[in-house]
Amino acid sequence: MPDIQTNRPALPPEIARRRTFAIISHPDAGKTTLTEKFLLYGGAIQMAGQVRAKGEARRTRSDFMQMEKDRGISVSASAMSFDYSGFRFNLVDTPGHSDFSEDTYRTLTAVDAAVMVIDGAKGVESQTQKLFEVCRLRDLPILTFCNKMDRESRDVFEIIDEIQENLAIDVTPASWPIGQGRDFIGCYDILRDRLQLMDRADRNKIAESIEINGIDDPKLVEHVPANLLETFLEELEMARELLPPLDRQALLDGTLTPIWFGSAINSFGVQELMDGISQYGPEPQIQKAEPRDILPEESKVSGFVFKVQANMDPKHRDRVAFVRMASGHFKRGMKLTHVRSKKLMTISSPVLFLASDRELAEEAWAGDIIGIPNHGQLRIGDTLTEGEALRVTGIPSFAPELLQGVRAGDPLKSKHLEKALMQFAEEGAAKVFKPSIGSGFIVGVVGQLQFEVLASRIEMEYGLPVRFEPSQFTSARWVNGDRQAIENFVNTNKQHIAYDNDGDTVFLTRLQWDIDRVERDYPDVRLTATKELMV
Ligand SMILES: Nc1nc2c(ncn2[C@@H]2O[C@H](COP(=O)(O)OP(=O)(O)OP(=O)(O)O)[C@@H](O)[C@H]2O)c(=O)[nH]1
Ligand SMILES: [Mg+2]
């Protein structure tokens, strides 16, 4: 049946059943824990590896880097695919910490929806607000999960109000919590009139679910203690009166978010959220590109790289490009045009990211996220097509805000260090500059924690202890202009000049005054804080 609003034909069923989304939130709200439970219900893993307290060893699937395991925080986005009740989920767990937000923002260009996790005790936090604004810019539909309801939480109406006020989006309750903190017993599933009871004894157990025929059903009295029942019925009545009902179109337009309440660690409320994503979440959407947008149902295959990760798995020491398929039906072995270099690439060993491992992807449809192992040809922002010169647009690149020098513990290992740094630069994990005078490297990142991640990864992945140290420079600007203009500029500013990993010229400085001076004295050169990803 054609879609009434867009007048497009219905998507092929294989595409229509795909749900591709990112899980986002302020640090620590429970994204990785929720991801684990999705995998559990998706049948991808038998028993979710508990996400334990910070500092303890963890064994979650999406936090695979050593530093993530050690610290209990996510530092890198990771993708996972699994089937759930007839749907194919492609989920990306993102890091909450703002030092890693470039990764998160890029991920948001590759998904059709976001699941926003809120800590029930904290409500809308600063990073939630920022991420929400990015979703808003892209008109991404948002589904909300209010987590940690097993603990003391804030008043439910207060949380909903805060979302409506701070984020300027309508909220509709998809479920309603019964009891609070230690008295929390479960939720009423508003969309399906069921009572879901949480089992505190077994965290991986599927909640007991009882069908309820309206709020007068005597089963309610049987299962809900009298002291909680009265408050619950009052609240539910108020919620139904004050808050809008679930309207799928409003959700897809990004003007309404349904909210589920639950406790990821207790596997509670997760299945209802997954059913909600299946039933109400968006199908694969149109991808913005130049010179024209890409429709998922186009028969020709296209996709784009939104993340590159090296050394993901010590077993397969290689570099993987994360590719969001934008259109068509991809089959393994296809030859695709790498639009930036205009070269053909045979995609012979694409992988699907499953819970515990990767598997060869024999095929993929628009909406899927696959990994393409490569030797550095594929970079963030690259588009692959069956020949047409399309370029996906809108993938952000952040300006490096902190610069530090880096040195190998063993000075004889500086060639090794260079190799490691180039790898991370190509991955997009840092900007690396080689000053034109002197030796050593200068590394630029967005947030301080990225230095720690780099140091830890260089040591783990290259066996190379390194030291980061203060640099005399604090800002980096790419130098643009014609060749002659750049040459003149370079010759008179040698002590400020460095080259990035592509060999492009960069101006390093400590003072805004210097930047102003260049702009005044060299009208033919242009300094930019970021480098266009696609040239
Ligand atoms: N009480 C309670 N704790 C939870 C729940 N869900 C997660 N946690 C705990 O909250 C902490 C953070 O969980 P994570 O899943 O790592 O949070 P995250 O959002 O992935 O964190 P970052 O990736 O670092 O932003 C862990 O100690 C979890 O065990 C829950 O439902 N109830
Ligand atoms: Mg996490």
Side-chain angles (χ1 to χ4, degrees), residues 22-41 48-80 91-105 107-108 114-131 144-154 159 175 177 179-187 196 198-205 207 260-273 447 449-450 452-453:
I23 303 193
I24 56 169
S25 81
H26 194 81
D28 240 20
K31 296 174 291 297
T32 300
T33 311
L34 185 62
T35 300
E36 280 288 288
K37 301 305 167 130
F38 272 82
L39 295 176
L40 179 68
Y41 287 118
Q50 290 270 326
V51 181
R52 294 192 207 161
K54 304 277 149 174
E56 280 181 51
R58 330 199 298 169
R59 283 169 286 118
T60 58
R61 323 285 144 160
S62 50
D63 285 348
F64 59 85
M65 284 186 201
Q66 192 56 41
M67 181 166 158
E68 296 181 311
K69 292 179 184 159
D70 292 345
R71 293 215 183 179
I73 64 169
S74 305
V75 308
S76 174
S78 53
M80 269 150 290
L91 162 170
V92 191
D93 179 21
T94 66
H97 199 292
S98 63
D99 284 9
F100 309 114
S101 51
E102 189 174 20
D103 209 31
T104 302
Y105 285 19
T107 297
L108 290 172
V115 169
M116 175 167 78
V117 183
I118 281 176
D119 181 330
K122 300 200 172 132
V124 176
E125 296 175 85
S126 58
Q127 193 64 8
T128 319
Q129 178 102 31
K130 274 200 220 153
L131 290 165
T144 304
F145 185 72
C146 186
N147 192 28
K148 307 198 184 182
M149 295 305 290
D150 57 317
R151 284 210 236 155
E152 279 311 312
S153 63
R154 300 210 352 229
I159 294 173
S175 71
Q180 231 256 46
R182 264 198 282 162
D183 292 334
F184 175 71
I185 61 157
C187 283
Q196 316 285 359
M198 186 172 92
D199 187 339
R200 277 180 195 263
D202 185 350
R203 289 182 154 181
N204 290 312
K205 203 169 141 196
W260 282 264
F261 294 86
S263 168
I265 205 155
N266 288 292
S267 312
F268 185 78
V270 179
Q271 227 177 351
E272 290 69 36
L273 172 63
L449 270 179
Q450 286 179 283
E452 291 177 41
V453 173

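Remember, it's a predicted structure, so these values are computed and weren't measured experimentally. Each ligand, and each atom within it, is numbered from 1 in the order the structure gives.
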Report task. Could you walk me through whether Val270 and Leu34 pass side chain to side chain contact (heavy atoms under 4.5 Å, CB included), step by step? Result -> CA-CA 7 Å; Val270 179; Leu34 185 62; 3.8 Å; yes
**Report entry** Side-chain touch Gln127/Ser101, heavy atoms, less than 4.5 angstrom
**Finding:**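 Gln127 reaches Ser101 side chain to side chain.
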Report task. Decide yes or no for Met116 and Leu131: does some side-chain heavy atom of the first lie under 4.5 Å from some side-chain heavy atom of the second? Result ->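 When only atoms from C-beta onward are counted, Leu131 and Met116 do not touch, as no gap falls below 4.5 Å.
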I want to know if ligand 1 touches [X] in the polar sense, i.e. an N/O pair below 3.5 angstrom.
X: Pro95; value: no
X: Gly262; value: no
X: Ala264; value: yes
X: Asn147; value: yes
X: Ser263; value: yes
X: Arg151; value: yes

What atoms of ligand 1 come within less than 4.0 Å of a heavy atom belonging to [X]?
X: Gly96; result: 25 (O)
X: Ile73; result: 24 (O)
X: Pro27; result: 25 (O)
X: Thr33; result: 6 (N), 7 (C), 13 (O), 14 (P), 15 (O), 28 (C)
X: Gly30; result: 13 (O), 14 (P), 15 (O), 17 (O), 18 (P), 19 (O)

**Report entry** Atom pair CG (Leu91) and CD1 (Ile23), whose distance is rounded to the nearest 0.5 Å
**Finding:**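 Output value for this atom pair is 4.0 Å.
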Requested in this report: Measure the OG1-CD distance between Thr107 and Glu102 for me, rounded to the nearest 0.5 Å.
Outcome: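 Answer rounded to 0.5 Å: 10.5 Å.
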Requested in this report: Not counting sequence neighbours, which residues clear side chain to side chain contact (heavy atoms under 4.5 Å, CB included) with Gln450? List them please.
Outcome: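 By the side chain to side chain contact (heavy atoms under 4.5 Å, CB included) rule, Gln450 matches Phe100, Val445, Val446.
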Report task. Please list, chain by chain and in numerical order, all residues satisfying side chain to side chain contact (heavy atoms under 4.5 Å, CB included) with Lys148, sequence neighbours excluded. Result ->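 Result, side chain to side chain contact (heavy atoms under 4.5 Å, CB included) vs Lys148: Asp119, Asp150, Arg151.
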Requested in this report: Classify the contact between Asp150 and ligand 1 as side chain, backbone, both or neither, using a heavy-atom distance cut-off of under 4.0 Å.
Outcome: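 Side chain only; the backbone of Asp150 stays clear of ligand 1.
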Query raised in the report: Using a heavy-atom cut-off of under 4.0 Å, does the side chain or the backbone of Val117 touch ligand 1, or both, or neither?
Result: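 Neither part.
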Query raised in the report: Between OG1 of Thr32 and OG of Ser74, what angle is found at the Mg ion (ligand 2), rounded to 10 degrees?
Result: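 My answer is 90°, to the nearest 10°.
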Query raised in the report: Taking atom 12 (C) of ligand 1 as the point of reference, which of Thr94, Ile23, Asp28 owns the nearest heavy atom?
Result: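 The residue whose heavy atom sits nearest atom 12 (C) of ligand 1 is Asp28.
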Query raised in the report: Given Ile265, Ile24, Thr35, which one has a non-hydrogen atom that is nearest to atom 30 (C) of ligand 1?
Result: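 Checking each option, the heavy atom nearest atom 30 (C) of ligand 1 is found in Ile265.
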Report task. Report the residue from Val92, Asp93, Asn147 that forms a side-chain contact (heavy atoms from CB on, under 4.5 Å) with Lys31. Result ->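 Of Val92, Asp93, Asn147, side-chain contact (heavy atoms from CB on, under 4.5 Å) with Lys31 is met by Asp93 alone.
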Query raised in the report: Yes or no on side chain to side chain donor-acceptor pair (under 3.5 Å) for Thr32 and Ser74, after CA distance, side-chain angles and deciding distance?
Result: CA-CA 8 Å; Thr32 300; Ser74 305; 2.9 Å; yes
**Report entry** Any donor-acceptor N/O pair, Lys37 side chain to Ile265 backbone, under 3.5 Å
**Finding:**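 Present.
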